[in-house]
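Throughout, protein chains are lettered first and strands after them, A, B, ... in sequence-line order, and every chain is numbered starting at 1.
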Amino acid sequence: GAVVSQHPSWVICKSGTSVKIECRSLDFQATTMFWYRQFPKQSLMLMATSNEGSKATYEQGVEKDKFLINHASLTLSTLTVTSAHPEDSSLYICSASGRGLPTFFGQGTRLTVV
Amino acid sequence: GENVEQHPSTLSVQEGDSAVIKCTYSDSASNYFPWYKQELGKRPQLIIDIRSNVGEKKDQRIAVTLNKTAKHFSLHITETQPEDSAVYFCAASKGNQGGKLIFGQGTELSVKP
């Protein structure tokens, strides 16, 4: 299957700081990328849908000013968690889909806010 | 919006037995239903999917059935092996394979040797 890569795989940051997570499609052009959050032993909760060159569409209850999403190219989307707090600690997983392709997931970024 | 319910939340079977996981969805416009397997600490991996114009699909020991009228779909794993142990998620999507996925709550499958 197609390859989707996230960077970093894990990050620890201090409360109040911002963290940027990258999601790249390595061997296909991703017209759409999705960002999910997964707490331990829970399901994947969709945060936002990101289309290349346009503003992200956020799910209900997700603060767009706190979770900034940029999808500047067909192979890269970034998620910035601003003013992170301990309750933002979670696994953040991106997925990407291209024309006619199913959705493939990145390996996830484990964020710990201390 | 779409809501996907998945049962059971945990499932324990003996090696060689079959395992069945069931999901229901709420939005009749959903037309693509993938199943993902997530091993501990790893990313979800697509194992099988089905579109709404098909009632059943099989891939070796894995099969998925879809009942559009009842809005439910199921994953069937036959001849289970210990390496099948993982968390399985169903999902539903509208539009096409690349549409946003709404996930079920997940089923933790344990296959005992």
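- Contact detail for B:Arg43 and A:Gly106: the closest heavy-atom pair is CB-O, 3.1 Å.
- For a residue to count as touching a neighbouring chain, one of its non-hydrogen atoms must lie under 4.5 Å from one of that chain's; by this rule B:Phe103 touches chain A with backbone and side chain alike.
- Not one N or O on the side chain of A:Ser43 forms a donor-acceptor pair closer than 3.5 Å with the backbone of B:Gly106.
- Residues B:Tyr36 and A:Thr103 meet the side-chain proximity criterion, which asks for heavy atoms closer than 4.5 Å.
- Looking only at side-chain heavy atoms (C-beta outward), A:Lys41 and B:Glu108 come within less than 4.5 Å of each other.
- When every heavy atom of A:Tyr36 is checked against every heavy atom of B:Leu101, the shortest pair comes out as OH-O, 3.2 Å.
- Transitive grouping of hydrophobic side chains (ILVMFWY, heavy atoms separated by less than 4.5 Å) keeps A:Leu74 and A:Met33 in distinct clusters.
- Criterion: ILVMFWY side-chain heavy atoms under 4.5 Å apart, direct or through other members. Under it, B:Leu11 and B:Phe73 are part of a common hydrophobic cluster.
- Between atom OG1 of residue A:Thr32 and atom NZ of residue B:Lys100 there is a gap of 12.0 Å, rounded to the nearest 0.5 Å.
- A side-chain N or O of B:Gln38 and one of A:Gln38 form a donor-acceptor pair less than 3.5 Å apart.
- Heavy atoms of other residues, nucleotides or ligands lying less than 6.0 angstrom from CD of B:Glu15 number more than 12.
- Cluster annotation: A:Leu91 is not connected to A:Leu111 through the hydrophobic network of ILVMFWY side chains, with a link wherever side-chain heavy atoms come within less than 4.5 Å.
- Side-chain contact between B:Ile102 and A:Met45: absent, with no pair of heavy atoms (C-beta onward) separated by less than 4.5 Å.
- Using a 4.5 Å cut-off between heavy atoms, A:Gln42 touches chain B through its backbone atoms (N, CA, C, O) alone.
- Neither the backbone nor the side chain of B:Pro34 comes within contact range of chain A; no heavy atoms are under 4.5 Å apart.
- In this structure, the portions of A:Leu44 lying under 4.5 Å from any heavy atom of chain B include both its backbone and its side chain.
- In this structure, A:Val4 is not a member of the same hydrophobic cluster as A:Ile69, with clusters built from ILVMFWY side-chain heavy atoms closer than 4.5 Å.
- Cluster annotation: A:Val62 and A:Leu68 are assigned to distinct hydrophobic clusters (Ile/Leu/Val/Met/Phe/Trp/Tyr, side-chain heavy-atom contacts under 4.5 Å, transitive).
- Looking at A:Glu59, only its side chain comes within 4.5 Å of chain B, counting heavy atoms on both sides.
- Open room surrounds NZ on A:Lys55; 12 or fewer heavy atoms of other groups in view lie less than 6.0 Å from it.
- Sparse packing is recorded around CD of B:Gln60, with 12 or fewer heavy atoms of other residues, nucleotides or ligands lying under 6.0 Å away.
- Heavy atoms of other residues, nucleotides or ligands lying less than 6.0 angstrom from NE2 of A:His85 number more than 12.
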